[in-house]
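This report refers to the structure that appears directly beneath it.
The figures that follow rest on heavy atoms only: side chains count, while hydrogens, waters and symmetry mates do not. Numbering starts at 1 and runs along the sequence shown.
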Amino acid sequence: MRILRLTPAVEKKLLRARQEHDAEAQRIAAEIIHDIRRRGDAALSAWVKKLDGIDLHCKHLWIAESEIRAASKQVSRGFLRALEHAARNVRRVAQKQLPKPWTMDVEPGVKIGQVVRPIDAIGCYIPGGRFALVSTMVMTVVPAQVAGVRDIQVVCPRPNAALLATAGVLGVTRIARMGGAQAIAALAYGTKRVARVEKIFGPGNRFVTAAKQLVSSDCAIDLPAGPTEAVVLGATGNPRWIAADLLAQAEHAPDAGSYLVTTSTRLARHVQTEVARQLHKLAATNPAQTSMKRTGAILVAPSLHAACEFVNRFAPEHLSLPGNGEALLKQIHSTGTVFLGPWGAQPLGDYASGSNHVLPTGGWARKRGGLSTVDFVKSISVQTITRQGFRRLAGTVEILATSEGLVAHGNAVRVRR
């Protein structure tokens with residue numbers, strides 16, 4: 001893991017690397033989407049066979065409920081207890097996040113309120129690379145259920161017993177064997193076998209990300225999901241623990257980015273040594289072996305203020321503040337999630353703390369926070385105007401409508417006088 005001085009040139013290089021446009025992924029995703037929109041299920045079956053390695057003529061697209069029930073018997077009781085613990089915490093946080101209905105009297109005769117309605121139908125994309133990500137199902141399905149979403153469809157190219165058992169625990173009955181851009185296209189536009197959804201959730205590979213961006217003008221998406229990012233910020237901390245957190249996120253993918261930002265060259269050297277030691281214990285095939293060499297870095301900043309300003313511009317997905325966290329947090333305004341204190345191991349948030357692990361990457365934390373129950377509902381304003389309220393507002397509206405040249409707007413008020 002490299003140690004670099006945090007200079008404007010180094011920062012510019014780091015930020016520029018995340019902005020590279022993946023033209024190949026966009027081109028391939030666009031071809032798949034166009035084909036499925038044109039040919040429907042025939043195209044879907046062809047792409048699923050070609051890219052997911054699944055022959056839908058031999059296997060059903062939708063997994064039978066009997067298969068889901070059988071999976072629960074294939075996993076350990078310990079797994080089910082852990083799953084229920086994690087889901088319980090995520091559910092508690094999701095319930096706290098749910099927007100509440102309200103009403104207020106703006107002025108006499110003018111009442112404004114808010115009603116909260118769930119999105120009707122959603123799709124949850126579960127990556128199925130080395131392992132089907134059980135945690136992603138929990139993080140997308142549970143808040144949807146808290147929000148009251150009626151139709152939840154899950155897609156995963158290779159759902160294993162653990163994922164199907166998770167579906168059983170959560171009460172999910174619609175799981176399709178498909179992944180990639182072809183799954184995104186089917187969810188966004190629908191086929192005879194796949195019902196169209198209103199919004200798609202969940203991370204995926206570069207082709208999934210490209211497909212989500214391409215369909216976003218017709219089907220809402222949660223947020224663009226790029227490579228995982230982790231930053232540990234501070235002048236003090238346990239080098240062994242810091243290295244472990246950085247490696248935990250680095251093993252997500254070969255292009256994951258893990259960084260220590262510090263003012264202490266001593267801490268930088270100790271963490272560098274620990275990363276090398278812990279990397280040696282990981283399998284040669286672990287993605288962290290590549291990502292720590294390709295993108296991982298220790299950045300030595302001239303001051304903690306400069307370090308915080310860099311973090312705000314970088315806007316990482318995960319941020320750990322192992323020492324003096326409360327003070328540093330006051331200077332942080334752009335990150336997906338923050339772990340305060342030395343005991344906040346980042347994987348706790350990935351699985352079981354209750355905070356959602358679907359988070360903004362690639363600088364999107366400058367614009368929005370992580371996934372929450374808010375993303376699964378529509379907050380609809382309700383306006384109640386009485387005769388008294390009309391009389392109080394009419395003159396103001398006529399003047400403003402006239403200033404904009406909107407004659408019919410003014411007339412809609414005048415005809416009621």
Before giving the answer on side-chain contact (heavy atoms from CB on, under 4.5 Å), spell out for T166 and F79 the whole-Å C-alpha distance, their side-chain angles and the decisive distance to 0.1 Å. CA-CA 9 Å; T166 302; F79 170 80; 3.7 Å; yes
Do other residues, nucleotides or ligands put more than 12 heavy atoms under 6.0 Å from the [atom1] atom of [X]?
X    : atom1 : value
R39  : CZ    : yes
K367 : NZ    : yes
Y189 : OH    : yes
H333 : NE2   : yes
R92  : CZ    : no
K281 : NZ    : no
R38  : CZ    : yes
R5   : CZ    : no

Please list all pairs passing the ring pair (Phe, Tyr, Trp, His ring centres under 6.0 Å) test where one or both residues lie in residues 191-237, with sequence neighbours left out. F201-F376
Salt-bridge criterion met for [X] and [Y] (N-O under 4.0 Å):
X    : Y    : answer
D375 : R368 : yes
R81  : E84  : no
R174 : E65  : no
D222 : K212 : yes

Which heavy-atom pair separates [X] from [Y] by the least distance, and what is that distance?
X    : Y    : answer
C124 : V141 : SG-CG2, 4.1 Å
L56  : S45  : CD1-OG, 3.8 Å
P239 : V271 : CA-CG2, 3.9 Å
S291 : D255 : CB-N, 4.4 Å
R206 : A25  : O-CB, 3.8 Å
I63  : P159 : CD1-CG, 3.5 Å

Are the side chains of [Y] and [X] in contact, using a 4.5 Å heavy-atom criterion?
X    : Y    : answer
H318 : V231 : no
D245 : P347 : yes
T263 : V300 : no
V149 : D120 : no
P127 : T136 : yes
R177 : R158 : no
P322 : W241 : no
I298 : R2   : no

Backbone N/O of [Y] and side chain of [X]: donor-acceptor pair under 3.5 Å:
X    : Y    : value
S320 : V232 : no
K50  : V48  : no
T295 : A256 : yes
Q346 : L246 : no
Q97  : L371 : no
R196 : A188 : yes
E11  : L6   : no
H85  : A352 : no
T335 : V338 : no
D52  : P157 : no

Would you please test V75 and L164 for side-chain contact (heavy atoms from CB on, under 4.5 Å) and show each step? CA-CA 10 Å; V75 297; L164 296 182; over 6 Å; no
Mind checking the [atom1]-[atom2] spacing from [X] to [Y]? Nearest 0.5 Å is all I need.
X    : Y    : atom1 : atom2 : result
L359 : M139 : CG    : CE    : 9.0 Å
Q272 : T265 : CD    : OG1   : 11.5 Å
R392 : E107 : CZ    : CD    : 4.5 Å
I122 : I152 : CD1   : CD1   : 5.0 Å
M137 : I126 : CE    : CD1   : 5.0 Å
R313 : L15  : CZ    : CG    : 8.0 Å

Looking just at side-chain N and O atoms, do [X] and [Y] make a donor-acceptor pair shorter than 3.5 Å?
X    : Y    : result
Q182 : D35  : no
N286 : E251 : yes
T337 : E317 : no
Q145 : R91  : yes
Q26  : Q213 : yes
S334 : N312 : no

Under the side-chain contact (heavy atoms from CB on, under 4.5 Å) rule, what do T236 and N324 come out as? Steps first, then yes or no, please. CA-CA 8 Å; T236 61; N324 198 26; 5.9 Å; no
NZ or CZ of R193 within 45° of W62 ring axis and under 6.0 Å: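 Verdict for W62: no cation-pi partner in R193.
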Just do the salt bridge (charged side-chain N to carboxylate O under 4.0 Å, His left out) check on E198 and K378 with the steps written out, would you? CA-CA 12 Å; E198 302 293 343; K378 301 163 287 185; over 6 Å; no
Tell me which one of V93, V377, T373 satisfies side-chain contact (heavy atoms from CB on, under 4.5 Å) with V146.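 For V146, the side-chain contact (heavy atoms from CB on, under 4.5 Å) test succeeds with only one of V93, V377, T373, which is T373.
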Checking C308 against L328 for the side-chain contact (heavy atoms from CB on, under 4.5 Å) test, could you report, in this order, the C-alpha distance in whole Å, the side-chain angles of both residues, the deciding distance, and whether it holds? CA-CA 8 Å; C308 290; L328 289 174; 3.8 Å; yes
